[in-house]
Structure formats: C-alpha cells, structure tokens
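Some notes on the structure that comes next.
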2 protein chains.
Amino acid sequence: MYLMAEPAAQTVALAESLKSLGLTKYEALVYIALLQASEATATEIHELSGVPRASVYPVLERLSQKQLVSVSNTSPRRFNPERPDDAIESLLSSVEHDAARAKTTLNRIYSQSGRRARGDQELIWSIHGGDHIRLRLLEMLQAADESVRIIFYWDHLKGELIERLLSLKKEVKIDIITDGWSGPVQGQINVLVKAPPMEIQREPVTNWQAGCVFIVDKKKAMVVMGSKDEGFTALYSESVGFVRFFTMYWNFFLNWG
Amino acid sequence: MYLMAEPAAQTVALAESLKSLGLTKYEALVYIALLQASEATATEIHELSGVPRASVYPVLERLSQKQLVSVSNTSPRRFNPERPDDAIESLLSSVEHDAARAKTTLNRIYSQSGRRARGDQELIWSIHGGDHIRLRLLEMLQAADESVRIIFYWDHLKGELIERLLSLKKEVKIDIITDGWSGPVQGQINVLVKAPPMEIQREPVTNWQAGCVFIVDKKKAMVVMGSKDEGFTALYSESVGFVRFFTMYWNFFLNWG
DNA sequence: CACTTGTTGTTATTATGATAACAACATTTA
DNA sequence: TAAATGTTGTTATCATAATAACAACAAGTG
C-alpha cells in the first residue's frame, strides 16, 4: 500500500505552518508522526505519516541535522522527536537570526543608496493591505508639522488613530470629520461628528468597510478605501493636484448637510 | 542583455536569508534592487537586479501582496520599497504567527499521544548538533536527584555548565574531573583538575573540541564528542550496560596518573 | 515611425515528492 | 540445515510542481 494516506485537515494546516519555518511537507509529516509515536522505527513512521518508506530515511536524516530528532543505535534504528517547544524555538530562532542579518544588510543598502529624497512629489502611490496602509498612515501623521485634516469612516483603526493624534505636537491643528469619537477632545483638536452622506452609502459596493481622507500640512494626502470583497487599498501622494482635489473633497464634506 | 548579471557575494548571502523569510530568489533580488533605487520602473529594476524584465512584473505583484512595495499610478508604473525595518518586521511576524500556531497544535499532539514513558531504558540515542546536545544535557542535569559525575573537556559550554550545576539541589553530590574550574566550589561539589591523558591527546583526531562524560544518578549517561571536522555528536542512554561502561571509564580517569 | 511598456505563453531548471529495485540480514519453516 | 519469507536500509529512477528564463507581441508613447 504505497498510496499517500490522506492526512487529517488539521495536519495539513499544521504542515503549512511548519513549511514557513523551513520544513518541507515530508519533514513536517514525519515530525508530526514521530510526536504521536516516539521511538518509532522507520517503518512505523512510514505507516503513521503516509510518507513513502524509502523517503522516510533521508527525511529523518535532514530532521536530525536540523536537530529535531535523535537516533538510536539499535537495529532497526529508532527515532525520537525533540519536544515541540524546543523544536519550534530552535527553528524560529534560526529564522530570526536570518532576519536580523538581513535587516542590517538591507538597512545599509537602503541608507547608502543615493535615492532622491523628494521624488515622491508628483507621483500617486497605491498601497495594498491593511497593515501596510496602517503603517504608512501612522508614519505620515507622525510627521505632521502644522495641520491635519481627516475624513474618517473606518471602525477598525479608530482607537489607534485617536491615540496617535493625541500624541502629536500641540502646534498641529487637527480637524476631523467622522461618525463617532471616543476620546478626549484637546485644545488643538476639532471634531465634527457626521454620518456619511447618502451618495456614498448608495454606492453599489457590497461591503463598505472604510472610506477615509487624510491631508497633512496641506502637502500630503492619503485616501483609504476598503470593502470586504476587495480588501483595502490606499492612495498616497504629495502631488499638488492630488492634494487640492481631496482638500476640495474635504470642504465639500465639511459643508454638506 | 538578458544574461543574469552575477550579483555581489553579499547579495547572494542576503538573498539566502530572505528566502528563509519566505521570499523567492527573484523577490529578494527585486526588493534589494528597489532599495538601491526607490521609485524605479520595471525596466530599471530589471537592469539593476538582473531579473528578466518579463519576470519583474509578477514578482512586483507578489511583493505588493506581501506589502513590501507600493505602486505608483503613473505610466510607466513606478515602485517604492517598504522600509527594511518594517518589511522584515512584517515578514518575521507572519512566521512567528505560524510558529505560535504550530507550537500549540504540536504540543497538543505530543501530550495526547500515549507514548510509553520508559522506553528509553535500553536504547542508546545519537544526538547531533551543539545546540541540540546542550539542550538535552542541561535538561538531564536539571533532573538530577542524587549524584552527578562528570568528565569535562569542552571549553565552549563550561560557563553554562557551572551555572547549571550550582543551581542544583544541595542533596546532589557532584564530582567533576576537568581541566579548569572558574567558579565557587560549594559544599556538595568536588572538583578534580586534571589534564586529559596522553592516550586521548595522541588520538589521530585533527581538531578535538570536546570530550565529556556525564553520569546522573548512576542511571543515565551522556557522552559528548566533538571535533572541528565532524561537528558534535553525543550519545545518551539509560541502558545499564552503557552506564556501567562509562562509570568504569570515569573511575579510570579518576585514578589515572 | 521607433521605442518602451506591459502582457502572454513557452521552455529550462530545480526542488520535492513518489515509486521501484536491491543487497544485507533476520526469521520462519520444511 | 537449507530454502523460503520477511524486514531494513540504501540507491536509482521517475513524476510533479514551483521557480526561473526567454521569446514574442500588443498597446501605448513620444
């Protein structure tokens, strides 16, 4: 019976996780099997994991190199798994080690490169993914010097946003149009609570999650759009036209209704 | 010029590190190139990275999904890298997330499995790799109840070993034969400083790094061998014969010279 | 037009997965 | 004991999927 036995759904997901720690499918399956039957022989592992018997040997050899199993000196050989905590720890720390090395090298490349500092100016950038957007947004707000104008309809980020705004320098004038505010309103912050206009609500977008505009120092603007279907997209630009457009948009919102 | 430009040696090592964070070779090369020339077009990236121009587009698409680059809405499109710190952070945290998931699942499997508790007894286990050995060794010592006998010639681990020994329960009698001791000698610890015998020094092993014997409670024994060429290997066993053999070995050492 | 960009499809190349074959040895059975 | 049977560990071979490399072309741009 050489057919690959179909592993449990749990096992498949688990194998996926282990893959990103640098294991192959077989290495993952063999290690999992070994946890269920410590001190197993190659044949037992083969039967339990569904991995072909001939493949079990090289896989165990690799796992041994990676310090996830130890080997008995009996005949037949028996194999013993490193405890999961230690195993994961060992794999992860090797990845973290690589990450640290990569980080320093990349940073050196990044700082050495004589890339133009103000090239952003006339370009409009698309940014995908919630985290990516969040990062860039907080970064942009942090750099605010004079003024921040915000139209904000995005429940998910609200807490973090408020926190960040409150931490800005006192000189920065902040104007916010949003649907609800749950924090202190300090001197320089001006909140206008307003439901989103019907025109937007009537849009044929099935699952609206976010619709935001951020204008910083009248020089940079970022707009965020999000729906459950398409995920989050943001546009960022320092282009004069772009900023002017969304300043108008902001004014329209301010005076509407 | 479609030939892959030979990347700097540094770049190759870097790409390797990035691979273990889940990037492919091309993704790594493209990202590195982008750091050197932010806001590059696809063609510029192709020239800088050596990645075929046609391949650059799908690669950038994937990088965009992974939130490592943003895209301009110009024609031609331009691309901007996420800053290295944030990029690595993002990749690493995704791996760490997987690691955490895997750890809990594996632990459940491990604890659920009704593996025999006393199977270790008559087997001799091979353990490869310095870290792996270190882990198992400290674990074994920690579990000491009555006595620990050690023959220790291994500079690298000396500090950690001493520390661990000092933390043991006071009832545990500790006898050590080694070539140097740099800690307090408390009541239950008995240190005998002794150079390794000529018989061992004359062995035709080019680069001897470690030669150790650990006997715990007269029931478990672990021996460590290490040379620069072959790396570290250890044997562990609770087998009576094994323990008896190395107890004899220990006695031989004790009375020699 | 000449040139570049962006896209598509096809062909290597590699890593991994899957199967088969075999020698060495141990166990069983006549 | 000799033959048959089964197991282990090793090696070679093949299949498949992921990635890399290239060629060709349509659309856009100056």
Side-chain angles (χ1 to χ4, degrees), chain A residues 1-7 11-12 15-16 18-34 37 39-66 69-79 122-123 126, chain B residues 1-7 11-12 15-16 18-34 37 39-66 69 71-79 123 126:
Chain A
M1 163 65 154
Y2 276 91
L3 252 184
M4 190 76 173
E6 70 301 329
T11 305
V12 176
E16 275 309 307
L18 289 175
K19 266 193 209 171
S20 67
L21 286 163
L23 299 193
T24 69
K25 184 179 165 192
Y26 276 7
E27 289 167 354
L29 290 177
V30 163
Y31 180 71
I32 294 171
L34 206 45
E39 300 179 26
T41 65
T43 303
E44 289 167 355
I45 293 170
H46 147 64
E47 284 162 352
L48 216 74
S49 65
V51 172
R53 195 177 63 87
S55 302
V56 161
Y57 292 95
V59 167
L60 280 167
E61 171 60 27
R62 279 180 277 161
L63 286 176
S64 178
Q65 298 296 336
K66 291 179 181 171
V69 309
S70 40
V71 190
S72 85
N73 289 338
T74 56
S75 174
R77 282 178 284 180
R78 292 182 172 273
F79 301 88
E122 288 308 313
L123 298 180
S126 295
Chain B
M1 164 68 154
Y2 276 90
L3 253 183
M4 191 76 171
E6 69 304 329
T11 305
V12 175
E16 276 309 307
L18 289 176
K19 265 194 209 169
S20 67
L21 286 164
L23 298 193
T24 68
K25 185 178 163 192
Y26 275 8
E27 288 167 355
L29 290 176
V30 164
Y31 180 72
I32 294 171
L34 250 188
E39 299 177 28
T41 64
T43 302
E44 289 166 355
I45 293 170
H46 146 65
E47 285 162 353
L48 216 73
S49 65
V51 172
R53 196 178 59 86
S55 302
V56 160
Y57 292 94
V59 167
L60 280 166
E61 170 62 28
R62 278 179 277 159
L63 286 176
S64 177
Q65 298 296 336
K66 292 180 179 169
V69 310
V71 190
S72 85
N73 290 338
T74 57
S75 174
R77 282 178 282 180
R78 291 182 173 273
F79 302 87
L123 297 182
S126 295

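Protein chains get the first letters and strands the later ones, always in sequence-line order, with residue 1 at the start of each. In this text the structure is predicted, and so the values were computed from the model without any measurement.
- Here the C1' atom of nucleotide D/dA20 and the CZ atom of B/R62 are 10 Å apart, to the nearest Å.
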Given side-chain contact (heavy atoms from CB on, under 4.5 Å), test A/V30 with A/L60 step by step and report yes or no.
-> CA-CA 8 Å; A/V30 163; A/L60 280 167; 3.7 Å; yes

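- Remark: C1' of D/dG28 and OH of B/Y57 are 12 Å apart, rounded to the nearest angstrom.
- Atom-to-atom, CD of A/E61 to C1' of C/dT16 comes out at 17 Å; the value is rounded to the nearest Å.
- A/R78 has its CZ atom 10 Å from the P atom of D/dG9, to the nearest Å.
- At least one side-chain nitrogen or oxygen of A/T43 sits closer than 4.0 Å to the OP1 or OP2 atom of D/dT8.
- Note: NZ (A/K25) to C1' (D/dA15) measures 13 Å, nearest angstrom.
- Closest of all the heavy-atom pairs between A/F79 and A/A42 is CE1-N, 4.1 Å.
- To the nearest angstrom, C1' of C/dT14 lies 10 Å from NZ of B/K19.
- For the pair A/L18 CG and C/dT16 P, the computed distance is 15 Å after rounding to whole Å.
- Between A/E44 and A/R78, the shortest heavy-atom distance links the atoms OE1-NH1, 3.8 Å.
- Closest approach to the A/P76 side chain among C/dG17, D/dT8, C/dT19 is made by D/dT8 (side chain taken as heavy atoms from C-beta onward).
- Put simply, B/R53 has no side-chain N or O that comes within less than 4.0 Å of OP1 or OP2 on D/dA20.
- Rounded to a whole Å, the CD atom of A/E27 is 14 Å from the P atom of C/dA15.
- Close to D/dA18, at under 4.0 Å from its OP1 or OP2, lies no side-chain N or O of B/T24.
- Of the candidate nucleotides D/dG9, C/dA18, C/dT5, D/dG9 has the atom nearest to the side chain of A/A42.
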Taking it one step at a time, do B/V51 and B/I45 satisfy side-chain contact (heavy atoms from CB on, under 4.5 Å)?
-> CA-CA 8 Å; B/V51 172; B/I45 293 170; over 6 Å; no

